[in-house]
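The sequence lines fix the lettering, A, B, ..., with proteins before strands; numbering per chain opens at 1. Note that the structure is a prediction, hence the values are computed from the model and not measured. Atoms considered below: every heavy atom in the structure, side chains included; atoms not considered: hydrogens, waters and symmetry mates.
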Amino acid sequence: MKEEAAERKEGKEELEINCPVCGENSVVRDYKRNIEVCDVCGRIVKEDIKDRGPEWRAFDQEGREKKSRAGPPSTETIHDKGLSTKIDYKDRDAKGNQLSPGKRQKIYRLRKWHKRGKVTDSKDRNLAFSLSELNRMASQLGLSKSVQEIAAKIYRKAVEEGLIRGRSMEGCASAALYAACREAEVPRTLEEVAESSRVDKKEISKSYRFIIRELDIHLPPTDPVRYVARFASELEISGETRVKAMEIIRKAQENGLTSGKSPTGTAAGAIYIATLMEGERRTQREVAESAGVTEVTVRNRYSEIVEELDEDIEA
DNA sequence: CGGAGTAAAAGGCACTT
DNA sequence: AAGTGACTTTTACTCCG
């Protein structure tokens, strides 16, 4: 337990406020190889690669099973926060010695009932279900544990405040995850979240709005720069071009071209321009598709930016 | 085909009753 | 909770090289 917490803490380095492109504040946010984002004025803001765990993939579908097997895969996002006493699986005593077979039997029984005792009331069951759902979605979206943690925290809070009454648990779980992505600046669009959820977009956004309002969570609009890495990698675009795209976005922001516009659209437009400038051309169609917007939107952002900044962005 | 552009429909958001 | 209005994005289509 204790080691876990310490480990997590150390894997998570410094998440001071953003430095779009080699801005100022070092934003080294590196969770144990899993997700690496923007370093000390250095290079690209790179995003997570899929969670490499065959563990949870294995038990996707069975929605109710997992209550009875609360052990291995999730470290901390467990309904009781993993804070309740837990009898671990190592079959060792406090000094780390192997237990005798007889003792093991005993411990086994203890574990069994211990677990059973934990998930009794409905609140906990609610949490257990939702958190495993959260887990499922998060890994499907290639999100790091830490995002999942945040999502779990939000969800838990929502439960405490009784905000999910009369609302679908899955919708709220999805909403919490979406919020967590934004909080962690590892954005996923509502569509993307919706795809991994069993609930539709509308439901999620309703729950989302409700939850953030009630919990008084204030999330600034997503920074388009945060999308660059992901979209660009889908388009197989070089690092230089990515950096270029981020610069363009920053300039566009300085000139007030981005407020009120969808961040994905802005990112798409900037990426398109960057590919032209760096001779790595992609069609509007391709860019639009990777960003999940239409070509028209790409064009609009593109022409807006070019018009306003054209000679400003050479070199 | 890729790009530029446009009008009209649709969607999302902030405010209002 | 539905209505309104300003605004962005999408849909669907045309025209150009």
Side-chain angles (χ1 to χ4, degrees), chain A residues 154 158 161-168 171-172 174-183 187-197 199-228 230-232 234-238 241 244-245 248-311 313-314:
Chain A
I154 294 170
E161 309 269 330
L163 301 180
I164 22 182
R165 284 168 74 89
R167 216 169 292 268
S168 92
C172 292
S174 306
L177 186 60
Y178 175 65
C181 288
R182 296 184 52 170
E183 169 73 32
R188 292 297 182 276
T189 62
L190 207 50
E191 275 91 2
E192 290 168 318
V193 175
E195 268 167 40
S196 72
S197 170
V199 193
D200 69 2
K201 216 174 94 181
K202 239 190 135 188
E203 175 82 29
I204 298 172
S205 78
K206 257 198 312 198
S207 305
Y208 170 73
R209 263 195 297 276
F210 185 70
I211 289 174
I212 63 165
R213 189 158 43 83
E214 294 301 316
L215 293 185
D216 203 33
I217 298 173
H218 42 302
L219 294 171
T222 306
D223 185 343
V225 163
R226 299 281 148 179
Y227 284 115
V228 171
R230 203 150 45 85
F231 297 162
E234 193 169 323
L235 292 163
E236 293 176 355
I237 282 171
S238 74
T241 307
K244 196 65 164 183
I248 292 167
I249 291 170
R250 209 190 65 229
K251 296 225 165 88
Q253 286 169 331
E254 282 164 9
N255 289 65
L257 297 176
T258 57
S259 81
K261 310 289 197 298
S262 89
T264 49
T266 304
I271 288 172
Y272 178 65
I273 296 172
T275 63
L276 292 181
M277 290 171 63
E278 298 286 329
E280 264 191 273
R281 181 170 185 171
R282 297 292 183 280
T283 64
Q284 294 178 353
R285 175 105 198 67
E286 290 170 317
V287 176
E289 193 170 357
S290 75
V293 297
T294 46
E295 293 131 285
V296 180
T297 302
V298 176
R299 277 200 287 279
N300 288 341
R301 294 295 82 76
Y302 155 69
S303 50
E304 248 172 53
I305 293 171
V306 169
E307 189 178 335
E308 188 83 12
L309 309 170
D310 72 63
E311 77 277 342
I313 47 183
E314 310 300 329

Donor-acceptor list for residues 205-218 of chain A side chains, cut-off 3.5 Å, not counting sequence neighbours:
residue: A:S205; atom: OG; partner: A:K202; partner atom: O; Å: 3.2
residue: A:S207; atom: OG; partner: A:E203; partner atom: O; Å: 3.0
residue: A:Y208; atom: OH; partner: A:R182; partner atom: NH1; Å: 3.2

side-chain hydrogen bond (donor to acceptor under 3.5 Å, both in side chains) filter on A:R299, not counting sequence neighbours, yields A:Q284
Can you list, pair by pair, the side-chain donor-acceptor contacts under 3.5 Å of residues 256-276 of chain A, counting residues two or more places apart and other chains?
residue: A:S262; atom: OG; partner: A:T264; partner atom: OG1; Å: 3.4
residue: A:S262; atom: OG; partner: A:G265; partner atom: N; Å: 3.0
residue: A:T266; atom: OG1; partner: A:S262; partner atom: O; Å: 3.3
residue: A:T275; atom: OG1; partner: A:Y272; partner atom: O; Å: 2.6

Residues passing the side-chain contact (heavy atoms from CB on, under 4.5 Å) test with A:E192, sequence neighbours excluded, are A:L141, A:R188, A:T189, A:R230
The salt bridge (Lys or Arg N to Asp or Glu O under 4.0 Å) partners of A:E254 (sequence neighbours excluded) come to A:R250
The first and last nucleotides of DNA chain C lying within contact of chain A, meaning any atom under 4.0 Å from one of its heavy atoms, run from C:dT8 to C:dA12
Contact string for nucleotides 2-17 of chain B, one letter per nucleotide 5' to 3', B = base within protein heavy-atom range under 4.0 Å, S = sugar-phosphate only, - = neither, reads SSBBB-----SS----
Those residues at least two apart in sequence (or on a different chain) that pass side-chain hydrogen bond (donor to acceptor under 3.5 Å, both in side chains) with A:T283 are A:E286
For A:E191, the salt bridge (Lys or Arg N to Asp or Glu O under 4.0 Å) test, sequence neighbours excluded, returns A:K201
